Structure formats: C-alpha cells, structure tokens
Enquirer: 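Next up is a structure, given as structure tokens.
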Amino acid sequence: MGKVLGDVLGLAAGVAISPLPIIAIILILATPRGRLNGVLFTVGWLLGLSTLGAVMLAIASPAGASAHNHPATWVGALKLALGVFLVLFGARLWHRRPKDPSQAQLPKWMGTIDRLTPVKVLGLGLALAALNAKNAPLTIAASASIGSAGLPAGQQIASLAIFVLIATLGLLVPLGVFLLGGERAKTTLSSWKDWAAQHNVAVMAVLFFVLGAKLLGDGISILVS
C-alpha cells in the first residue's frame with residue numbers, strides 16, 4: 001500500500017493545485033450564503049472525485065489490472081494515452097496563455113456564482129472535480145494505479161480515500177481560512193483569488209506538462225517491462 005500511495009500522491013497534488021476551483025470556492029465564500037455553499041461545493045468536489053475513482057476501481061479490478069503483481073498491459077496503455085492527452089493539452093494552454101497576466105479573464109460562468117442555488121453549487125463542485133480536463137485523467141490514472149497493485153479491497157478503498165483527501169486540500173485550505181480566519185480571511189482569500197486568476201493558464205499548462213510526462217513515463221515503464 002505504501003508503494004501505491006507513493007505513486008498516487010503526486011497525482012493527488014496535481015488535482016489539488018487547480019486554480020479555477022480555488023477561485024470558484026473563494027467567490028462562493030464571498031456570497032451571502034458563503035458558509036453553506038462553500039461546504040456544499042467542497043462536498044460536491046469530494047463526491048465527484050470519489051465517484052470517478054470508485055468507478056475506475058470497479059472496472060480495473062475485474063478487468064485484471066494486476067497480473068502476477070505487475071500492472072497489466074492495458075494499464076500501461078491507459079497511462080500512456082492519458083499522458084499524451086495531458087502533454088498536448090498543456091501545449092495548447094501554453095500557446096493560448098495571455099502574454100500579460102493582468103489581462104487574464106475568468107470564465108463567464110463565474111459571474112453567476114452569487115446567483116447559484118445550493119443544489120447547483122453542489123453540482124458545480126461535482127462537475128469541476130469529475131469532468132475537468134486535468135482532474136479526470138489524473139483521477140483515472142490514480143485509480144488504475146491502485147487497482148493494478150493487487151491490494152485487498154479494503155486497502156484499495158483506503159488508498160482512494162487518501163488520494164481524494166489530498167486532492168481536496170486546494171479547497172479545504174480556503175474553506176478553513178474562511179471559517180477560522182475571522183475578518184482577515186476576506187483580505188487573504190481575495191489576494192489568493194487575484195493571483196490565481198492572473199496565473200491560472202500558466203500554472204495549468206505547467207501542471208499538464210509535468211503530470212503528462214509522469215504518466216508517459218509510467219505507461220512506457222509498464223509496457224516495456
């Protein structure tokens with residue numbers, strides 16, 4: 001289990017460092033129902049990652065993700081494909097990044113956050129976790145790593161839970177600052193939001209490159225061994 005956690009913690013950190021969801025929760029916390037909606041957004045995120053990871057585990061185990069204590073060939077092919085996708089998407093993001101960070105613009109849907117109902121906030125958190133172009137491949141890759149390790153079901157579930165917890169730190173930190181930081185929390189969160197908004201594309205592009213390269217290496221290693 002320790003080896004599996006070593007493989008997936010980097011992927012979990014890559015999910016946690018997601019500027020747009022961090023900006024989204026900071027904007028949500030600034031709304032009149034910020035306390036409730038911030039918790040719901042985080043719960044939706046947890047549900048999204050957990051559901052996607054659980055589905056992948058359910059597919060991986062019966063499909064023979066582990067063969068003779070070694071990841072099956074299809075696991076290597078999956079990681080290779082995900083790595084190629086992330087590298088190509090990172091190149092696209094880098095090419096389209098604003099030359100002047102101060103000119104960076106947030107997605108238009110963020111302008112409607114203050115009008116979202118609690119149910120829609122929950123759904124937003126779920127969607128940003130499970131349908132994001134970075135988070136979904138990383139969660140699938142992490143679940144494939146867990147499923148290919150030949151662990152008992154209980155240890156697989158525990159490994160996935162640890163992955164989800166680490167991957168949620170990007171939201172738990174702002175939420176904790178808001179709930180415990182008092183009046184100073186607003187200023188702190190506002191500065192975090194501004195920085196994330198300006199550097200979102202560049203940060204995401206670099207993460208795509210780095211994590212894509214890792215998955216490429218993992219996939220190649222599995223296929224040639």
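Residues: numbered from 1 along the sequence shown. These numbers were taken from a predicted model, which means no experiment stands behind them.
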Enquirer: Going by atom types alone, do Ser221 and Lys79 pair a side-chain donor with an acceptor below 3.5 Å?
Expert: no

Enquirer: With distance as the sole test, does Thr31 use its side chain to make a donor-acceptor pair with the main-chain N or O of Ile28 at under 3.5 Å?
Expert: yes

Enquirer: Using only atom types and a distance under 3.5 Å, with no angle test, would you say the side chain of Ser190 pairs donor to acceptor with the backbone of Lys186?
Expert: no

Enquirer: Taking Trp192 as the starting point, is it possible to reach Leu179 by hopping between hydrophobic residues whose side chains are less than 4.5 Å apart?
Expert: yes

Enquirer: Would you call Thr139 and Met56 a side-chain contact if the rule is heavy atoms closer than 4.5 Å?
Expert: no

Enquirer: Can you confirm whether Val8 sits close enough to Ser159 that some side-chain heavy atom of one is under 4.5 Å from a side-chain heavy atom of the other?
Expert: no

Enquirer: Taking it one step at a time, do Asn37 and Leu40 satisfy side-chain contact (heavy atoms from CB on, under 4.5 Å)?
Expert: CA-CA 5 Å; Asn37 285 348; Leu40 288 174; 4.1 Å; yes

Enquirer: Say whether, by atom type as modelled, one donor and one acceptor occur between the side chain of Ser191 and the main chain of Thr188 under 3.5 angstrom.
Expert: yes

Enquirer: Find out whether Pro19 and Met204 are in side-chain contact, i.e. whether some heavy atom of one side chain is under 4.5 Å from a heavy atom of the other.
Expert: yes

Enquirer: I want to check something: taking the side chain as every heavy atom from C-beta on, are Asn200 and Trp195 in contact at a cut-off of under 4.5 Å?
Expert: no

Enquirer: Between Phe178 and Ile26, is there a side-chain heavy-atom distance shorter than 4.5 Å?
Expert: no

Enquirer: As a quick check of understanding, evaluate side-chain contact (heavy atoms from CB on, under 4.5 Å) for Leu128 and Leu20, giving each step before the final call.
Expert: CA-CA 9 Å; Leu128 287 178; Leu20 282 183; 5.7 Å; no

Enquirer: Indicate yes or no for a side-chain donor-acceptor contact from Thr112 to the backbone of Arg115 under 3.5 Å, with no hydrogens or angles considered.
Expert: no

Enquirer: Does the side chain of Leu88 come within less than 4.5 Å of Phe208's, by heavy atoms?
Expert: no

Enquirer: Should Leu9 and Leu172 be counted in the same cluster of Ile, Leu, Val, Met, Phe, Trp and Tyr side chains packed under 4.5 Å apart?
Expert: yes

Enquirer: Kindly give the heavy-atom pair with the smallest separation between Leu36 and Pro118, and that separation in Å.
Expert: CD2-CG, 4.3 Å

Enquirer: For a side chain to side chain contact (heavy atoms under 4.5 Å, CB included) with Val203, tell me which candidate from Val206, Val201, Leu207 qualifies.
Expert: Leu207

Enquirer: Run the side-chain contact (heavy atoms from CB on, under 4.5 Å) test on Leu169 and Ile166 for me, step by step, so that the C-alpha distance in whole Å, both residues' side-chain angles and the decisive distance to 0.1 Å come before the verdict.
Expert: CA-CA 5 Å; Leu169 288 178; Ile166 300 299; 4.2 Å; yes

Enquirer: Could you tell me whether the side chain of Leu80 reaches within less than 4.5 Å of the side chain of Leu215, counting heavy atoms only?
Expert: no

Enquirer: Does some side-chain heavy atom of Leu29 sit less than 4.5 Å from a side-chain heavy atom of Phe41?
Expert: no

Enquirer: If you look at every heavy atom in Ala142 and Phe163, which pair is closest and at what distance?
Expert: CB-CE1, 3.5 Å

Enquirer: Answer yes if Leu46 and Ile157 sit in the same cluster of Ile, Leu, Val, Met, Phe, Trp and Tyr residues linked by side chain heavy atoms under 4.5 Å apart, and no otherwise.
Expert: no

Enquirer: Taking Gly14's backbone N and O only, do any of them form a donor-acceptor pair with Lys134's side chain (distance below 3.5 Å, no angle check)?
Expert: yes

Enquirer: May I have the step-by-step check of side-chain contact (heavy atoms from CB on, under 4.5 Å) for Ser50 and Trp45, ending in yes or no?
Expert: CA-CA 8 Å; Ser50 299; Trp45 176 277; over 6 Å; no

